[in-house]
**Student:** 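One structure, pasted below without further comment.
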Amino acid sequence: MQVSGALLFQLGALLATLAVLGAMARRFALSPIPVYLLAGLSLGKGGLLPVAAAGDFITTAAPIGVVLLLLTLGVEFSATEFASSLRHHLPSAGVDIVLNATPGAAAGWLLGLNGVAILALAGVTYVSSSGVIARVLEDLGRLGNRETPAVLSVLVLEDFAMAAYLPPFAVLASGGSWLEAVAGMAAAIGALLAAFAASYRWGHHVGRLVEHPDSEQLLLRVLGITLMVAAVAETLHASAAVGAFLVGLTLTGATADRARQVLGPLRDLFAAIFFLAIGLSVDPRELLPMLPVAMVLAGVTALTKLATGVLAARRDGVARRGQLRAGAALIAHGEFSLIIIGLVGTAIPAAAALATAYVFVMAIAGPVLARYGGGPLPAETGSPN
């Protein structure tokens, strides 16, 4: 089998660079995500040093990073507890939509864009990044904090909302009719509800299916099932991340503990590639014209996301500092917003340029603000705050 020397060298150099940058970020108790994003920006389209040979591999591997992040996040919780948390936070989801979709829609209207562009910007400012936030919570040691179930409930409900939003938006963005859009939305919602119900009622069988004393067998079984479920979710216009999260919820007890151990290094590798890929996908020259507007919009939605998290955590009886941590955690945007930008494409360049600049600002600022939101870093993991 012939091996591309350019691919191996570029990929090796990228991983070594990420290791150095990540070590520097962690020295200052920061998540390495912002430096990974900036590294990708400097190397991608229009960057200082394009990495064409490694580009295809990175683009292919990036979605696996999101899947692994959400799978390992789901492993931390039980399906029963999380279903209860979702029901409890339905009002939080309503507040989330109103507070965070409105600024994007208003920006599109003020810029004189058409209805599809306004709908696109509303979606971009509404949905937070499950992948980025999952990694931030892990980096900051906050998976056991009292506010974390509220944060995850909001994220999963956003992903459910995206399952209803993306099919009709894709139809409208391609010039289809409203009737086709509504039919696509109904099909996606029905499929997602069926998948969640199946996970809740029969998910425990998955744990029995993947359980094995050999670590290699456990890894192959969990990863194989997860990728297939994620693919089905994506085919149904739902989220691959939600599919992976649902698989994680089905793993409990000793199987869950061993799954964390065998998946951890693989998750960290592919997650780093995912964040690098976001930067690689952006042309720095596209960011500059809309950057001032994007920063204003980012400032407004950082406040509205903060308010969303505060209200959600308050419903769980979390103290003030934990409420602020929840709000700061929700600020980051990423993969779903990039999907929306891709659907807009070149048809509405002004909307795509603004959305791209906005997402990049939020993807970098989100992890930094999460680090400082709610006070100093814990030894607070598991605290009642």
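Note that this is a predicted model, so its numbers are computed, not measured.
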**Student:** About how many Å separate CG of Leu266 and CG of Leu219, when rounded to the nearest 0.5 Å?
**Tutor:**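 Atom-to-atom, Leu219:CG and Leu266:CG are 6.0 Å apart.
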**Student:** Determine whether Leu369 and Val361 fall in the same hydrophobic cluster, where Ile, Leu, Val, Met, Phe, Trp and Tyr are linked whenever their side-chain heavy atoms lie under 4.5 Å apart.
**Tutor:** no
**Student:** Are the side chains of Arg371 and Leu140 in contact, using a 4.5 Å heavy-atom criterion?
**Tutor:**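 The answer is yes, as the side chains (C-beta and beyond) meet within the 4.5 Å cut-off.
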**Student:** Check the pair Thr301 / Asn100 against side-chain hydrogen bond (donor to acceptor under 3.5 Å, both in side chains), numbers first and verdict last.
**Tutor:** CA-CA 6 Å; Thr301 54; Asn100 297 293; over 6 Å; no
**Student:** Any side-chain heavy atom of Leu37 sitting closer than 4.5 Å to one from Ile33?
**Tutor:**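 In contact.
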**Student:** Rounded to the nearest 0.5 Å, what separation is found between the CG atom of Leu7 and the CG atom of Asp56?
**Tutor:** 9.0 Å
**Student:** Looking only at heavy atoms, what is the nearest atom pair of Val310 and Gln323, with distance?
**Tutor:**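 Looking at all heavy atoms of both residues, the shortest contact is CG1-OE1, 3.4 Å.
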**Student:** Passes side-chain contact (heavy atoms from CB on, under 4.5 Å), Thr125 versus Thr304? Steps please.
**Tutor:** CA-CA 10 Å; Thr125 58; Thr304 56; over 6 Å; no
**Student:** Test your reading of the model: is there a side-chain donor-acceptor pair from Thr148 to the backbone of Arg142, 3.5 Å cut-off?
**Tutor:**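 Such a contact is found between Thr148 side chain and Arg142 backbone.
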**Student:** Less than 4.0 angstrom from a charged side-chain N to a carboxylate O is my criterion; do Glu158 and Lys305 meet it?
**Tutor:** yes
**Student:** Do you know the tightest heavy-atom contact between Ile58 and Ala277?
**Tutor:**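 Ile58 and Ala277 have their closest heavy atoms at CG2-CB, 3.6 Å.
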**Student:** With a 4.5 Å limit on heavy-atom distance, are the side chains of Arg258 and Glu211 in contact?
**Tutor:**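 They are not in contact (no side-chain heavy atoms under 4.5 Å apart), so the answer is no.
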**Student:** With the side chain counted from C-beta on, respond yes when Val222 and Leu71 share a heavy-atom pair under 4.5 Å apart, and no when they do not.
**Tutor:** yes
**Student:** Is Tyr165 close to Ile340 at the side-chain level, that is, under 4.5 Å between some pair of heavy atoms?
**Tutor:**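 Side chain of Ile340 against side chain of Tyr165, heavy atoms only: contact under 4.5 Å found.
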**Student:** Give a yes or no on whether the backbone of Glu147 and the side-chain of Asn145 come within a donor-acceptor separation of less than 3.5 Å.
**Tutor:**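 No, because the side chain of Asn145 does not come within donor-acceptor range (under 3.5 Å) of the backbone of Glu147.
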**Student:** Show which side-chain atoms of residues 267-276 pair as donor or acceptor with protein atoms under 3.5 Å away, not counting sequence neighbours.
**Tutor:**
none

**Student:** Quick one: OG on Ser128 to CD1 on Ile331, what's the gap to the nearest 0.5 Å?
**Tutor:** 8.5 Å
**Student:** Measure the CG-CG distance between Leu68 and Leu70 for me, rounded to the nearest 0.5 Å.
**Tutor:** 10.0 Å
**Student:** Can you find a heavy atom in the side chain of Thr226 that is under 4.5 Å from one in the side chain of Phe245?
**Tutor:** no
**Student:** How close do Ser337 and His333 get, heavy atom to heavy atom, and via which atoms?
**Tutor:**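 Answer, listing the atom of Ser337 first, then His333: OG-CD2, 3.9 Å.
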**Student:** Hey, quick one: are Val300 and Leu306 part of the same hydrophobic cluster, counting side-chain heavy atoms closer than 4.5 Å, chains of contacts allowed?
**Tutor:** no
**Student:** Heavy atoms, side chains only, cut-off 4.5 Å: are Met295 and Leu291 in contact?
**Tutor:** yes
**Student:** Which heavy-atom pair separates Val132 from Pro367 by the least distance, and what is that distance?
**Tutor:** CG1-CG, 4.0 Å
**Student:** Would a distance-only check, ignoring hydrogens and angles, find a side-chain to backbone donor-acceptor pair under 3.5 Å from Arg146 to Asp316?
**Tutor:**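 Indeed, once roles are kept as given, a pair shorter than 3.5 Å links the two residues.
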**Student:** When clusters are formed by joining ILVMFWY residues with side-chain heavy atoms under 4.5 Å apart, either directly or through shared neighbours, do Leu121 and Val116 land in the same one?
**Tutor:** no
**Student:** Would you please name every residue forming a side chain to side chain donor-acceptor pair (under 3.5 Å) with Asn114, sequence neighbours left out?
**Tutor:** none
**Student:** To check you understand the geometry: which heavy-atom pair defines the closest contact between Met362 and Ala302, and what is its length?
**Tutor:** CE-N, 4.1 Å
**Student:** Hydrophobic clustering (ILVMFWY, side-chain heavy atoms < 4.5 Å, transitive) - are Leu113 and Tyr126 grouped together?
**Tutor:**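 Each belongs to a different hydrophobic cluster.
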**Student:** Return the CG to CG distance between Leu354 and Leu297, rounded to the nearest 0.5 Å.
**Tutor:**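 The CG atom of Leu297 is 6.0 Å from CG of Leu354, to the nearest 0.5 Å.
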**Student:** Does Leu311 reach the side chain of Ser92, with side-chain heavy atoms less than 4.5 Å apart?
**Tutor:**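 Counting from C-beta outward, Leu311 and Ser92 never come under 4.5 Å.
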**Student:** Looking at Ile97, Leu303, Leu99, which one forms a side chain to side chain contact (heavy atoms under 4.5 Å, CB included) with Thr308?
**Tutor:** Leu99
**Student:** Check whether Leu137 and Ile364 end up in the same hydrophobic cluster, where Ile, Leu, Val, Met, Phe, Trp and Tyr are linked by side-chain heavy atoms less than 4.5 Å apart.
**Tutor:**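 As far as the 4.5 Å side-chain criterion goes, Ile364 and Leu137 are connected within one cluster.
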**Student:** As an exercise, state the distance from OG of Ser130 to CZ of Arg135, rounded to the nearest 0.5 Å.
**Tutor:**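 Between atom OG of Ser130 and atom CZ of Arg135 there are 15.5 Å.
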**Student:** What is the minimum heavy-atom distance between His88 and Pro91, and which atoms define it?
**Tutor:** O-CD, 3.5 Å
